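From a predicted model like this one, the values you see are computed outputs, not experimental measurements. Worth knowing before you read on, the calculation uses all heavy atoms, side chains too, and leaves out hydrogens, waters and symmetry mates.
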Protein chains: 4
Amino acid sequence: MGLQERRQREREQRKNSILDAARKLLFENGINGTSINKIAKTAEIGVGTIYFYFENKEEIFVELQMEGIHILNSMLEEAFDSSSDCEVKLKKIAEAYLQFSREQKDYFDMINYFLSSPEIVFAPSLKDQVDKYGKQGVGYLVRAIQDGVDKGQFKKMDSPKPHAIMFWAILHGLVQFRKLKNTILEGEEIDTILEFALNDFIGNLRKV
Amino acid sequence: MGLQERRQREREQRKNSILDAARKLLFENGINGTSINKIAKTAEIGVGTIYFYFENKEEIFVELQMEGIHILNSMLEEAFDSSSDCEVKLKKIAEAYLQFSREQKDYFDMINYFLSSPEIVFAPSLKDQVDKYGKQGVGYLVRAIQDGVDKGQFKKMDSPKPHAIMFWAILHGLVQFRKLKNTILEGEEIDTILEFALNDFIGNLRKV
Amino acid sequence: MGLQERRQREREQRKNSILDAARKLLFENGINGTSINKIAKTAEIGVGTIYFYFENKEEIFVELQMEGIHILNSMLEEAFDSSSDCEVKLKKIAEAYLQFSREQKDYFDMINYFLSSPEIVFAPSLKDQVDKYGKQGVGYLVRAIQDGVDKGQFKKMDSPKPHAIMFWAILHGLVQFRKLKNTILEGEEIDTILEFALNDFIGNLRKV
Amino acid sequence: MGLQERRQREREQRKNSILDAARKLLFENGINGTSINKIAKTAEIGVGTIYFYFENKEEIFVELQMEGIHILNSMLEEAFDSSSDCEVKLKKIAEAYLQFSREQKDYFDMINYFLSSPEIVFAPSLKDQVDKYGKQGVGYLVRAIQDGVDKGQFKKMDSPKPHAIMFWAILHGLVQFRKLKNTILEGEEIDTILEFALNDFIGNLRKV
DNA sequence: GATGAATGAGGGTTCATTCAT
DNA sequence: TATGAATGAACCCTCATTCAT
């Protein structure tokens, strides 16, 4: 038992050191600058060893994706819990997403990069795995809106789902635009736009 | 004169045949499956010849990007011109974007792929070139909204720009979600959501 | 006649503009960075045109070599003529060689580079051409020494030739060492060494 | 232990077989005729394997350079040790250098080729590595001359260094001239000139 | 469990030269 | 005379993966 435990722990550590190296390289050099050989050298282990912990290169990237999504979820969850007021909840969630895209830029870029790549490049299995984690995200919004309806703060509606999705679409769309300062934003500050959109959207929920 | 013309035309044709080959490969095999050698073989020309028409591999992709953006712009322009009613205009533009993402899926994926790639992967120059063309897109929305304000159909506002950007963000965000059927939409139809969002957004513009 | 003359002149000008471009590239980028294509682009002419004026790439380099050797010869000749005193003559010649290696560094490097390359790389014909011009160099020394002997300033000798060659060897060897500051000179100044060598050698000629 | 040792030995052997192939090609076809692919084919290994033993192409050439310099140093050392008489020492050293340039012509050419190449062609690092080994060469001369001074055979002098450098310059210069039979030597035998120069130089050291 | 040597196809790019116009 | 489009072998180097130890 103690032996098995130790083995398990060591295995975990090794795996993490591989991920550490891969993350470092991915963030520093991009995906095309991250090879198995370089990961091995960075992690100071043999190339072959990597294949003991990961089936192939892709699997490593899946794991890194999961990390990112996990971080995002934590931030959203914390935002959700930060207040009992459902309007504040929504604002906090929006801020959390913006914050994630800014403070965890590398993860954010990586997730977007992989998600937007044509399916050929990455096997469907990856996306399935990502999906499972991703589902939770929009759930917070649904609950926040429903909460508002239940409390009588928001107007009645058939289902909070479409509103939640629309809200998330605004967030996601806006945050994508940060890269397009010259194109779409054309000098406008993303924060200003976000605040405007938040007020507009929430105000609309509130009204009779 | 006739000679120069013919030269020019031949040059154009060659360039196009290279782009045809590149487009085919890019759409079939993704970016990592599209090499200069394969393009040359597909276009049935020598490798060196390609470098006579394009400085490097990236420039080919830029050109393909432009193609896609050009198509999108045409569709948006047509939508903008299709009606004199500003509410219809907005709906048509939204539909056009959705249509583009569906009917020109390959171009749509390609554009998203490049846009979402971290700067490390593709030189800023590419994005700059794309930017120039991209600016026009959001312009249609600004004009449509302003038109509605001028005509007294929409409520008064300081500037149509934030509304336009918010509108575009909804569209862009929603369309991105198509890939995430299992995650965010969770079975919901994107068209339904879009229509819901459209009515919500436009209704909000309309209201006093 | 007038026509032929003009043709001849134009031909000469074209040739020179090719050489100008080649020289520029050679000095800036080294031999491996100097291609026919680049020369053509720099000279703003077609690639094919170059082959009207030069059989092949090598011939261009031969011509550039000649230029360098011509410059060196001019400097040596001027040094030779600068004084009627034979000791001064020798010193001036030595200085001229040093000066050439310094002020015409690019030519100097080029000559040394080509001369020291194994015969396979450059056809014997090149070296023959270079040889013809090179012969004149050592001639100045022979004449200067002989002059000193005739005037009774230098001791009698069977032939000035060996002394001249030895003198030239010292110069050539020393000047080569400039690149080896850390190896052979190990901090010593090449000028100091040259002056020392000059005095030693000439003093030896002088002595009874 | 036994395993590691064998590994080490095999590694050494592989490395040598690569160097053998590279040396062969370099001597037969010159530097521009020596490509990584050819080396791999000659050594009957995969291209990639080479990069397991050498960082890049340049490093192979550095190693070959070292070989040559090592041989030269051995010959010089042997010459230095061959006699206790300092005059004989000097003559033997001179002969050794001449002998090296003749019997190890390929190495000699290679060294000269690299040393005379403008800095653009080969990175400074190569020269640094070569430098380290090269330093030893001139050291023998300094010691030989100093020895003569100490024994009273040579005249007193401030420092043997300038004389040593001058001596080495004569040798180096003369040996370079072998290629220029038609230019500088113009039929003179290099051995005759060398002997003349030796007597002249040593005679000068000797005199009061 | 862990290693690291080996692979060889493939990557993007350059090249001197030819030749129809 | 001058052009410039075309070639395709060759350049150096990287890669994910395998497997005997």
Is it true that [X] and [Y] have a side-chain N and a carboxylate O under 4.0 angstrom from each other?
X       : Y       : result
R9(C)   : E5(C)   : no
E10(D)  : R6(D)   : yes
K105(A) : D109(A) : yes

Would you mind reading off the distance between [X] atom [atom1] and [N] atom [atom2], rounded to a whole angstrom?
X      : N       : atom1 : atom2 : value
E44(C) : dT3(F)  : CD    : C1'   : 15 Å
K15(A) : dG1(E)  : NZ    : P     : 12 Å
Q13(D) : dA6(E)  : CD    : P     : 11 Å
I50(B) : dG4(F)  : CD1   : P     : 21 Å
L25(C) : dC15(E) : CG    : P     : 10 Å
I31(C) : dC15(E) : CD1   : P     : 12 Å
K41(C) : dC15(E) : NZ    : P     : 10 Å
Q8(C)  : dT1(F)  : CD    : C1'   : 14 Å

Just verifying a value: how many Å separate K57(C) NZ and I39(C) CD1, rounded to the nearest 0.5 Å?
7.0 Å
Under a 3.5 Å distance rule, please check whether T42(A) uses its side chain to pair with a backbone N or O of K38(A) as donor and acceptor.
yes
Is the side chain of N29(A) donor-acceptor paired with the backbone N or O of N32(A) at a distance under 3.5 Å, no angle test?
no
Runs of at least three consecutive pairs that involve DNA chain E, where pairs are Watson-Crick or G-U with distances under 3.5 Å
E:2-21 with F:2-21
Tell me what I45(B) touches on the nucleic acid: a base, only sugar-phosphate, or nothing, going by heavy atoms under 4.0 Å.
sugar-phosphate
Answer yes or no: does a side-chain N or O of R14(A) lie under 4.0 Å from OP1 or OP2 of dG1(E)?
no
Do the side-chain N or O atoms of R11(D) get closer than 4.0 angstrom to the phosphate oxygens (OP1, OP2) of dG4(E)?
no
Check whether more than 12 heavy atoms from other residues, nucleotides or ligands sit under 6.0 Å from atom NZ of K24(A), and answer yes or no.
no
Check for me whether K15(A) meets the cation-pi criterion with F52(A), that is, NZ or CZ under 6.0 Å from the six-membered ring centre and within 45 degrees of the ring axis.
no
Name the residue closer to the 5' end of DNA chain E, choosing between T49(D) and Y53(A) according to the nucleotide with the nearest heavy atom.
Y53(A)
Heavy atoms under 4.0 Å is the rule here; annotate nucleotides 15-21 of chain F 5' to 3' with B where the base is hit, S where only the sugar-phosphate is, and - elsewhere.
SBBB--S
With F27(D) as partner, the option from D106(D), L64(D), T34(D) fulfilling side chain to side chain contact (heavy atoms under 4.5 Å, CB included) is D106(D)
